[in-house]
Each structure stands twice: as structure tokens, then as C-alpha cells.
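The next block holds one structure in the form of C-alpha cells; read it before the comments.
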Amino acid sequence: MIPFLDLHKINARYDAEFQKRFKAFLDSGYYILGTNVKAFEEEFANYCGTKFCVGTANGLDALRLILEGYKILGRLKDGDEVLVASNTYIATIIAIKQAGLTPVLVEAEASLFNFDLTALEAAINKKTKAIMPVHLYGQLSPMDEINALAKKHNLLVIEDAAQGHGAKSAKGKLAGNLGDAAGFSFYPTKNLGALGDGGAVTTNDEELASIISKLRNYGASSKYVNDYLGVNSRLDEVQAAFLRCKLPDLDADNAKRRLIAKRYLSEVKNQKLKLPIWDEVGSHIFHLFVVMVEDRDAFMKYMKQHEIGTLIHYPIPPHQQQAFAEFGHLSFPATEKIHKEVVSIPMSPMLSSEEVDRIVEVLNNY
Ligand SMILES: *Cc1c(COP(=O)(O)O)cnc(C)c1O
């Protein structure tokens with residue numbers, strides 16, 4: 001059996017180092033916002049090339065606190081419209097709603113699984129105040145076009161980088177440093193994953209970083225002095241310790257994912273499977289390798305019979321979710337087609353070349 005993703009295999013590499021760091025954490029007697037969170041924030045900012053990083057409890061809160069921070073700074077206010085691709089993972093939209101803003105869904109297109117750029121520009125009106133591009137599946141959003149539009153219309157650009165750790169633009173800038181601020185998730189399955197929940201905001205805006213570092217900790221500027229109505233959303237100290245072990249290997253892991261993607265793209269030859277488009281540069285970190293297939297149920301059943309795990313990211317588009325009944329009347333044909341046909345095949349830095357051989361063979365025989 002080749003599982004869809006073997007998280008134990010990914011983390012087993014760090015067994016001894018995790019034990020060592022856990023022991024140091026335990027012995028420190030300091031368990032919240034300690035030396036590991038501070039050090040990780042510096043190391044991750046340094047990695048992304050941003051001036052600041054603020055750890056949060058998860059990726060959803062990272063996104064939400066960016067929006068709350070901009071409200072405090074007077075850049076956003078209740079009801080402002082935020083543009084988001086209609087095929088995103090639900091968390092992006094929840095963050096916008098939780099911050100009291102209005103998500104405006106924009107039709108997607110299936111080559112980059114991102115905004116349809118014509119639809120994006122058409123959606124801009126006087127109430128539009130921000131764009132939230134998502135580097136879905138690990139593929140960078142078309143940031144040059146998005147930033148140009150934002151500049152023209154004076155909009156904030158907030159990256160949802162939860163699937164984009166280490167993705168690099170043609171100009172050499174990394175996800176997290178391609179807009180005004182970015183939210184990351186370190187959920188265990190992400191390319192940089194903790195052993196529990198975790199998240200972070202990256203930005204070059206000192207004021208925003210300072211506000212978010214308060215907001216995540218009850219809005220406190222110092223112990224028991226509260227400047228804002230904040231939340232409890234601190235990056236956990238022990239997760240920060242584990243993330244510090246793994247960060248130095250992120251680029252190497254992403255390179256392994258790209259090698260596997262390269263093999264899939266060159267060796268899988270099956271008209272029934274539409275493979276993702278990739279220009280073979282650093283813009284894709286293959287968080288997921290997503291193919292499109294018309295008879296998805298039959299395909300997944302076939303893969304299961306041949307003992308290869310698959311998953312759907314994601315089966316129901318946000319506008320058809322019960323939680324978002326307000327969008328129920330909307331129609332996004334391209335997005336609906338994506339959700340009907342996408343299926344993710346195994347992708348992990350731990351896949352062996354024999355496993356890739358086997359997956360390719362099974363895919364070609366479908
Ligand atoms: C994982 C993810 C999130 C949310 O991160 P959590 O840490 O689970 O809160 C947000 N957006 C995208 C695109 C994600 O993949």
C-alpha cells in the first residue's frame with residue numbers, strides 16, 4: 001500500500017532531535033511565548049526574506065489577525081470587500097468573515113487553480129479594499145498581475161501562503177514576501193508542518209507586526225496591559241521548537257517534491273488524466289499534486305484497488321457549502337468543474353523512486 005501521505009515517515013527523520021528539543025523545552029519551565037517562538041519568528045522571517053514574523057496558533061488566525069490589524073491601522077473597516085478566488089480552501093473565506101469584512105468570490109481558472117484575472121479586475125469596485133491570493137496546491141498565484149491591479153486600485157494584497165512555504169517568484173522572492181502581509185499554516189500536512197497546530201504572519205510592515213504580536217496575546221502590550229481587544233492565538237512553544245528542527249530542510253524537501261512532480265509530468269501519459277501545468281521553476285512547491293479526471297469516482301476506486309491512496313482537495317466549492325448559504329445563488333462554472341474533477345495523488349519528500357515507478361505504472365494503465 002502506498003498511502004496518500006505518510007506523516008510518520010516525514011517526522012521520523014527528526015526523532016532524536018525532537019526528543020532533545022522536547023527535553024530542553026520541558027526542563028526550561030517556560031512553556032508559552034518563550035525562546036523557541038522568538039527564535040522561530042526570526043528564523044522564519046529570515047527564510048521568507050521579510051523583516052517580521054509573528055507566530056500564531058494556526059493559519060486561520062494568522063489570516064484573520066492580519067485583517068484585524070489593518071482595521072486597527074485604519075486601512076480596512078467593517079463591511080469592506082475582500083476579493084478571493086472561489087476555489088480556495090474554506091479557511092481563507094472564514095478569516096475574512098470573522099474579521100467583519102465581506103468576502104467577494106471571484107471565478108477561478110484551472111491552469112493555475114487560481115483567479116481568473118479578467119474576472120478579478122471586473123470584481124473591483126469602490127468597496128473593494130483588498131485581494132487575498134492563495135498559493136493553492138503550492139503553486140504561486142500570479143503575483144505580478146495581482147500586485148499591478150492592487151497598485152492601480154490602491155488595494156491591500158494579503159497572501160494566503162498556507163500551502164506555499166518556500167515557493168519562489170521569477171524575481172527570486174519567496175511566498176510570504178510578495179504582498180503587504182501573508183498568513184502561513186504549520187498544520188502537520190503542510191510542507192513545513194508542526195506536530196500539532198501552528199501558524200504565522202510575515203510582513204515588512206513594522207506597525208502591523210507590532211499590532212498582531214499584541215492581538216495574538218489578548219491585545220496586551222506588556223503583561224496585564226491591554227491595548228486592543230485581542231484573542232488567545234499564540235504559536236505554541238513546543239511546536240516552535242519542532243518547527244526550528246524542520247525549517248533547515250524545507251528547501252531540500254521542496255526540491256524532492258519537484259523531482260517527483262517532474263517524473264509524474266514526464267512519465268504519466270494517459271489522455272484521461274489532465275496533469276497540472278508547471279514551468280519547472282521554483283514557483284511551485286507541490287504541496288499537492290492535483291490531476292483532473294472526468295470519471296473521478298471510478299478513478300479513485302481503481303487507485304484504491306491498486307493500493308494507492310488519493311484524496312480530493314476539495315470536494316465541495318465554498319459557494320455550495322451549507323456554512324455559506326449566502327453564496328448559494330452564485331454560479332462559478334470553472335470552479336464547479338475543478339471541484340468535480342480534481343484528485344490528488346501521493347506527493348511527499350519521502351516517496352521512494354520505486355514507489356513513484358509504481359504510481360506512474362498504475363496511472364498509465366488506467
Ligand atoms: C491549511 C490552510 C489554511 C488554514 O490553516 P490552519 O492552520 O488549519 O488554520 C488556510 N488556507 C489554506 C489555503 C490552507 O491550506
Side-chain angles (χ1 to χ4, degrees), residues 1-7 9-10 13 47-48 87 109-114 134-144 161-176 178 189-193 246-293 296 299-300 302-303 306-313 338 341-366:
M1 174 75 198
I2 303 175
F4 174 70
L5 179 65
D6 188 341
L7 274 183
K9 224 179 206 175
I10 288 181
R13 298 177 288 172
Y47 174 83
C48 294
N87 66 323
E109 55 77 43
S111 70
L112 297 181
F113 298 108
N114 215 292
V134 185
H135 308 312
L136 203 68
Y137 309 151
Q139 165 70 62
L140 273 191
S141 297
M143 294 306 294
D144 287 344
Q163 299 186 5
H165 319 72
K168 199 183 263 184
S169 75
K171 292 178 192 119
K173 275 189 166 189
L174 264 65
L178 297 169
T189 60
K190 310 287 183 181
N191 286 34
L192 179 60
K246 294 180 79 174
L247 178 59
D249 294 332
L250 175 58
D251 283 343
D253 275 2
N254 283 344
K256 284 185 204 155
R257 288 172 183 268
R258 284 192 195 104
L259 279 177
I260 294 163
K262 223 175 222 171
R263 286 202 53 195
Y264 283 155
L265 288 168
S266 66
E267 295 172 34
V268 175
K269 294 192 166 58
N270 186 332
Q271 294 296 321
K272 292 188 206 145
L273 302 175
K274 189 170 162 254
L275 303 180
I277 290 171
W278 178 37
D279 53 10
E280 301 213 349
V281 294
S283 69
H284 207 324
I285 53 151
F286 288 96
H287 170 57
L288 297 168
F289 193 94
V290 176
V291 304
M292 287 175 79
V293 54
R296 182 169 64 188
F299 173 73
M300 289 180 77
Y302 165 84
M303 293 296 278
H306 290 84
E307 304 201 305
I308 296 173
T310 57
L311 277 180
I312 301 173
H313 299 89
I338 288 171
E341 296 186 5
V342 287
V343 49
S344 308
I345 63 175
M347 171 53 79
S348 155
M350 305 310 291
L351 277 181
S352 70
S353 82
E354 293 73 27
E355 286 173 318
V356 178
D357 289 343
R358 172 77 187 140
I359 296 165
V360 167
E361 183 195 337
V362 170
L363 290 174
N364 282 336
N365 287 336
Y366 176 62

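Only a predicted model underlies this, so the values are computations on that prediction, with no experimental measurement involved.
Cation-pi geometry between K272 and Y366 is met: the NZ or CZ atom falls under 6.0 Å from the ring centre, inside 45° of the normal.
Ring geometry, F286 versus F289: the interplanar angle falls under 30°, so the pair is classed parallel (tilted spans 30 to 60°).
Within the structure, every pair that satisfies the salt bridge (Lys or Arg N to Asp or Glu O under 4.0 Å) test and touches residues 163-176, not counting sequence neighbours, is listed here: D144-K171.
For the atom pair CD1 (I338) and CG (N87), the distance works out to 4.5 Å, reported to the nearest 0.5 Å. In this structure, CE on M1 lies 10.5 Å from CG on D6, to the nearest 0.5 angstrom. In this structure, the separation between CD1 on I308 and CE on M303 is 4.5 Å, given to the nearest 0.5 Å. Taken to the nearest 0.5 Å, the CG atom of L275 stands 8.5 Å off from the CG atom of N270. To the nearest 0.5 angstrom, T310 atom OG1 is 9.5 Å from R296 atom CZ. Rounded to the nearest 0.5 Å, atoms NE2 (H313) and OG1 (T189) are 7.0 Å apart.
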Using the rule given for side chain to side chain donor-acceptor pair (under 3.5 Å), can you reason through D251 versus Y47, listing the C-alpha separation, both sets of side-chain angles and the distance that settles it, and then say yes or no? CA-CA 10 Å; D251 283 343; Y47 174 83; 2.5 Å; yes

The test is salt bridge (Lys or Arg N to Asp or Glu O under 4.0 Å); show your working for R13 and D249 and say whether it passes. CA-CA 11 Å; R13 298 177 288 172; D249 294 332; 5.3 Å; no

Worked check of side-chain contact (heavy atoms from CB on, under 4.5 Å) between V290 and I345: CA-CA 7 Å; V290 176; I345 63 175; over 6 Å; no

Can you list the steps and then say if F4 with S344 is a side-chain contact (heavy atoms from CB on, under 4.5 Å)? CA-CA 8 Å; F4 174 70; S344 308; 3.6 Å; yes

The test is side-chain contact (heavy atoms from CB on, under 4.5 Å); show your working for Q139 and S283 and say whether it passes. CA-CA 6 Å; Q139 165 70 62; S283 69; 3.5 Å; yes

Going through the distances and angles, do L351 and I2 end up as a side-chain contact (heavy atoms from CB on, under 4.5 Å)? CA-CA 9 Å; L351 277 181; I2 303 175; 4.0 Å; yes

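Ion pairing between R358 and E355 fails under the 4.0 Å rule for side-chain N and carboxylate O.
Formation of a donor-acceptor pair under 3.5 Å by the R263 side chain with backbone atoms of V356 is not found in this model. Under the 3.5 Å distance criterion, the side-chain polar atoms of R257 are left unmatched by any main-chain donor or acceptor of P349. The backbone N or O of V134 sits less than 3.5 Å from a side-chain atom of S141, completing a donor-acceptor pair. In this structure a side-chain-to-backbone donor-acceptor pair under 3.5 Å is present from N364 to K269.
When every heavy atom of L174 is checked against every heavy atom of C48, the shortest pair comes out as CB-O, 3.9 Å. When every heavy atom of V268 is checked against every heavy atom of V360, the shortest pair comes out as CG2-CG2, 4.2 Å. The minimum heavy-atom distance between I285 and N254, with the atom names listed, is CG2-ND2, 3.4 Å. In terms of heavy atoms, Y137 sits closest to V342 at OH-CG1, 4.1 Å. Residues P276 and L265 share a closest heavy-atom pair of O-CD2, 3.3 Å. A pairwise comparison of heavy atoms in G166 and R258 identifies O-NH2, 4.3 Å as the closest pair.
Of the residues listed (H165, K246, Q163, H287), the one engaging N191 in a side chain to side chain donor-acceptor pair (under 3.5 Å) is H287, and it is the only one. When each of L311, V293, L273 is paired with V343, the side chain to side chain contact (heavy atoms under 4.5 Å, CB included) condition holds for V293 and for no other.
Outside the 6.0 Å centre-distance limit, the rings of F113 and H284 are not counted as a close aromatic pair.
L112 has its side chain out of reach of L136: every pair of non-hydrogen atoms, C-beta onward, lies at least 4.5 Å apart. Between N114 and P142, some side-chain heavy-atom pair lies under the 4.5 Å cut-off.
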